[in-house]
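Written out below as structure tokens is the structure these notes cover.
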Amino acid sequence: APRRRRTRPSPHAFTENRRPSRPDLLVARTIERTMAGFNETLQWKFGLIAADNKYLTAEKFGFKVNASATTMKSNQIWTMEGPVSGPAGHESEDDWIYLRSGLDRYLGVDSAGNVTGDTEEKNDNAKFRFMPQSDGQLALMAHNGFFFGGTGDHLSAKSHGPGAAALAPTDKWTIHLAMHPQINLRNVRRNTYLHLTKDGKGANVNEEIPWGQDSMITFEFQAGKYALRMCNNKYLCEDGSLSADRVEKALFTLVFSGTAISFRGEGGKYLAGVGSGRAECRQPKITKDELWLLEDSHPQVNLFSVAREESGRSIVSIRASTEVKANQDDVTDQEIFQMEINRDTQRWAFRGSNKKYFTISGTSIACTATTKGDSEYFGVEWFGPQIALKASNDKYVTVKPNGQLTANGSDPAAPEARFVFDLINRPILVLRFPFGFVGVKGESKRLECNRSTYDVFVMTHEKGVYHLKGAGGQWWKLDSDGYFTVNGDAPMDFHLELLRHTHFGVRVPAADGNYLKGEKNGTFKPTGTSVDSSTLWEY
């Protein structure tokens, strides 16, 4: 492809107490016209931390709003909607955003500057502007031109306006992201993804599609800043190096620019791709080079044919052609497939490294479809470490003696209709439950599922069997009371079932194949016998 001419737009210049000018807005607006990413861009969900370290909270009783919670749960999570702009080339000056609570109501400010939390529709009272501050915090300008702030029950937007010489500490907020922290990170300028280098000593911004475990990034929140943990359990530093520890130079301040963010390092410079793509902080200002988008990280898998296991060439591949065959004995990008679910039918599409989807024509299966329709979705049936795939013709996918995949089977138990699947892009794992994250409780090492902060676990796999261990290198195990702890000397087997978008079930063979089940009080046991919200884990 011809090289694009590189132009540098005006630097983004949201300042302490003034609205950005139109040229500055164009920097953020251009991301809306940037070439679409490989996956969906995530919607911003976050908590807002006040000056006294309490979270902005939407109370169920009377839809009152205060800043009183010490941890971030569902009532402290706000979804950003907007900003709204005109068509490409006709951008609007209307850069207002709206904040929707978990109660499906909008944060608002009435004509007197008092805070409200009961607005059902977007209106003028619910409009705010994000005003990033030089210290990394955020100010929220309400529709009346005053900054929204305060502590406890004393919240308003009537003390400091845009003409104020300086904002009070209580007018500033710290952002705590509430999305699942394992994502893909796309650079706006390059339209490529951040990933671990092959030597494991740094990160590059030159991967066209986020393929394999090296492009999975884990966000970690610490005292208002964020660390970027790579898939090898090391942290990206502002100088481009990796650190085994979450040191000061591995902590970044988030700066919002419309729907994109920038990462400001300890030295005041912003993360970007430099030269051929090395990720490091070089410039003290924000241009498109320093803008990033967060994208959903879909499950990516290797598939192994059970019938061809003895041949030694059982790995499903598109290496030789667009025909899908189980005929390889090693894994390259052509043996990795991304699974994308239809949220209405719960059927799955399989996407190859050629950016095409498996599709059925007659009974033949090839990786040639550019869009997803009925012929590109497959039902997945789970049998412990193995799966069977049912095509749109209501036949099971089987493997011919030459390795060719075809949809002509009637028996899901037949060896030629069975595949082993390995989930390969979660070498480190964060699990979230409707009532919190999975984490380790103190000295007991017992696992709980209602924690406000998460622990990161290492996940290993071999032929459909998974093992989990904690930061200290000890394995998950069942104690005598039926609880999970992280102090095992040997790995315990688990089977995963991908059941919903970004959610899987975890079966425990040692507990009669029951699902791992959580409770609101944090109880975490293998007692689930069916699939429901208590046995689904966001990964």
Side-chain angles (χ1 to χ4, degrees), residues 46-47 49 53 72 132-138 172 174-185 187 193-206 213-256 261-275 277-286 289-292 294 297 426-430 437 439-440 442 451-459 469-474 486:
F46 45 74
I49 305 173
N53 288 319
M72 184 173 65
Q133 304 298 293
S134 60
D135 58 5
Q137 291 184 294
L138 185 75
K172 299 179 183 180
T174 298
I175 291 282
H176 186 175
L177 294 182
M179 300 96 79
H180 192 281
Q182 296 189 289
I183 48 88
N184 298 137
L185 200 54
N187 183 263
Y193 293 85
L194 183 72
H195 70 104
L196 184 70
T197 57
K198 289 184 178 180
D199 63 9
K201 296 180 179 180
N204 282 341
V205 196
N206 57 6
Q213 66 179 31
D214 62 300
S215 58
M216 195 273 295
I217 313 297
T218 302
F219 272 43
E220 293 189 12
F221 181 74
Q222 178 176 305
K225 295 185 178 182
Y226 283 85
L228 301 178
R229 186 190 286 216
M230 308 304 291
C231 67
N232 63 351
N233 255 328
K234 294 185 178 182
Y235 297 95
L236 179 63
C237 298
E238 62 180 352
D239 60 2
S241 65
L242 298 184
S243 171
D245 301 310
R246 199 165 52 188
V247 295
E248 196 66 30
K249 67 177 182 177
L251 295 175
F252 298 89
T253 298
L254 295 190
V255 177
F256 280 78
I261 56 174
S262 298
F263 299 89
R264 188 172 66 212
E266 181 187 21
K269 298 178 180 179
Y270 293 88
L271 185 68
V274 178
R278 176 181 167 85
E280 61 180 88
C281 296
R282 283 280 189 94
Q283 298 297 328
K285 58 184 179 181
I286 298 174
D289 291 297
E290 290 76 31
L291 290 176
W292 302 82
L294 275 64
S297 176
R426 290 297 186 278
I428 57 178
L429 185 68
V430 173
F437 289 100
V440 181
R451 303 184 70 82
S452 60
T453 58
Y454 50 84
D455 285 333
V456 178
F457 302 99
V458 174
M459 184 166 74
K469 63 181 175 181
Q474 291 183 299
V486 188

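Note that these values count all heavy atoms, side chains included, but never hydrogens, waters or copies made by symmetry.
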Given 3.5 Å as the limit, does a donor-acceptor pair link the side chain of Asn187 with the main chain of Asp289, or not? yes
Treating Glu238 as the side-chain partner and Gly267 as the backbone partner, does any N or O pair qualify as donor plus acceptor under 3.5 Å? yes
Looking only at heavy atoms, which two atoms of [X] and [Y] are closest? And how far apart?
{"X": "Val440", "Y": "Asp455", "result": "N-OD2, 2.6 Å"}
{"X": "Met72", "Y": "Leu177", "result": "CE-O, 3.6 Å"}
{"X": "Ile175", "Y": "Tyr226", "result": "O-OH, 3.6 Å"}
{"X": "Tyr270", "Y": "Ser262", "result": "CD2-CB, 3.8 Å"}
{"X": "Cys231", "Y": "Ile428", "result": "O-CG2, 4.3 Å"}
{"X": "Val430", "Y": "Pro181", "result": "CG1-CG, 3.9 Å"}

Can you check whether [X] reaches [Y] side chain to side chain, under 4.5 Å on heavy atoms?
{"X": "Leu138", "Y": "Gln133", "answer": "no"}
{"X": "Cys281", "Y": "Glu266", "answer": "no"}
{"X": "Val255", "Y": "Ile261", "answer": "no"}

Hey, what do you get for CG (Asn232) to CD (Gln213), rounding to the nearest 0.5 Å? 9.0 Å
Just verifying a value: how many Å separate Ile217 CD1 and Leu196 CG, rounded to the nearest 0.5 Å? 8.0 Å
How far apart are the C-alpha atoms of Phe46 and His176, what are their side-chain angles, what is the distance that settles it, and do they pass the side chain to side chain contact (heavy atoms under 4.5 Å, CB included) test? CA-CA 5 Å; Phe46 45 74; His176 186 175; 5.8 Å; no
Could I get the full list of side-chain hydrogen bond (donor to acceptor under 3.5 Å, both in side chains) partners for [X], not counting sequence neighbours?
{"X": "Gln182", "value": "Thr218"}
{"X": "Asp214", "value": "His195"}
{"X": "Ser297", "value": "Arg426"}

With [X] via ring pair (Phe, Tyr, Trp, His ring centres under 6.0 Å) - residues at least two apart:
{"X": "Tyr454", "answer": "Phe437"}
{"X": "Tyr235", "answer": "none"}
{"X": "Phe457", "answer": "Trp476"}

Thr453: which residues meet the side-chain contact (heavy atoms from CB on, under 4.5 Å) condition with it, sequence neighbours left out?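 Checked Thr453 against side-chain contact (heavy atoms from CB on, under 4.5 Å); zero matches.
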By side-chain contact (heavy atoms from CB on, under 4.5 Å), which residues pair with Ala279, not counting sequence neighbours? Leu194, Ala203, Val205, Leu236, Leu271
With sequence neighbours excluded, tell me which residues meet salt bridge (Lys or Arg N to Asp or Glu O under 4.0 Å) with [X].
{"X": "Glu280", "answer": "Arg278, Arg282"}
{"X": "Lys234", "answer": "none"}
{"X": "Arg229", "answer": "Glu220"}

Could you check Leu254 against Phe263 for side chain to side chain contact (heavy atoms under 4.5 Å, CB included), going step by step and ending with a plain yes or no? CA-CA 5 Å; Leu254 295 190; Phe263 299 89; 3.4 Å; yes
Stepwise, does the side chain to side chain contact (heavy atoms under 4.5 Å, CB included) test hold for Glu248 with Lys225? CA-CA 10 Å; Glu248 196 66 30; Lys225 295 185 178 182; 3.8 Å; yes
Determine, step by step, whether Leu251 and Arg246 satisfy the side chain to side chain contact (heavy atoms under 4.5 Å, CB included) criterion, reporting the C-alpha distance in whole Å, the side-chain angles of both residues, the deciding distance to 0.1 Å, and the verdict. CA-CA 7 Å; Leu251 295 175; Arg246 199 165 52 188; 3.9 Å; yes
Provide the full list of salt bridge (Lys or Arg N to Asp or Glu O under 4.0 Å) pairs with a residue in residues 195-206, sequence neighbours left out, each pair given once.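 Pairs touching residues 195-206 that pass the test: none.
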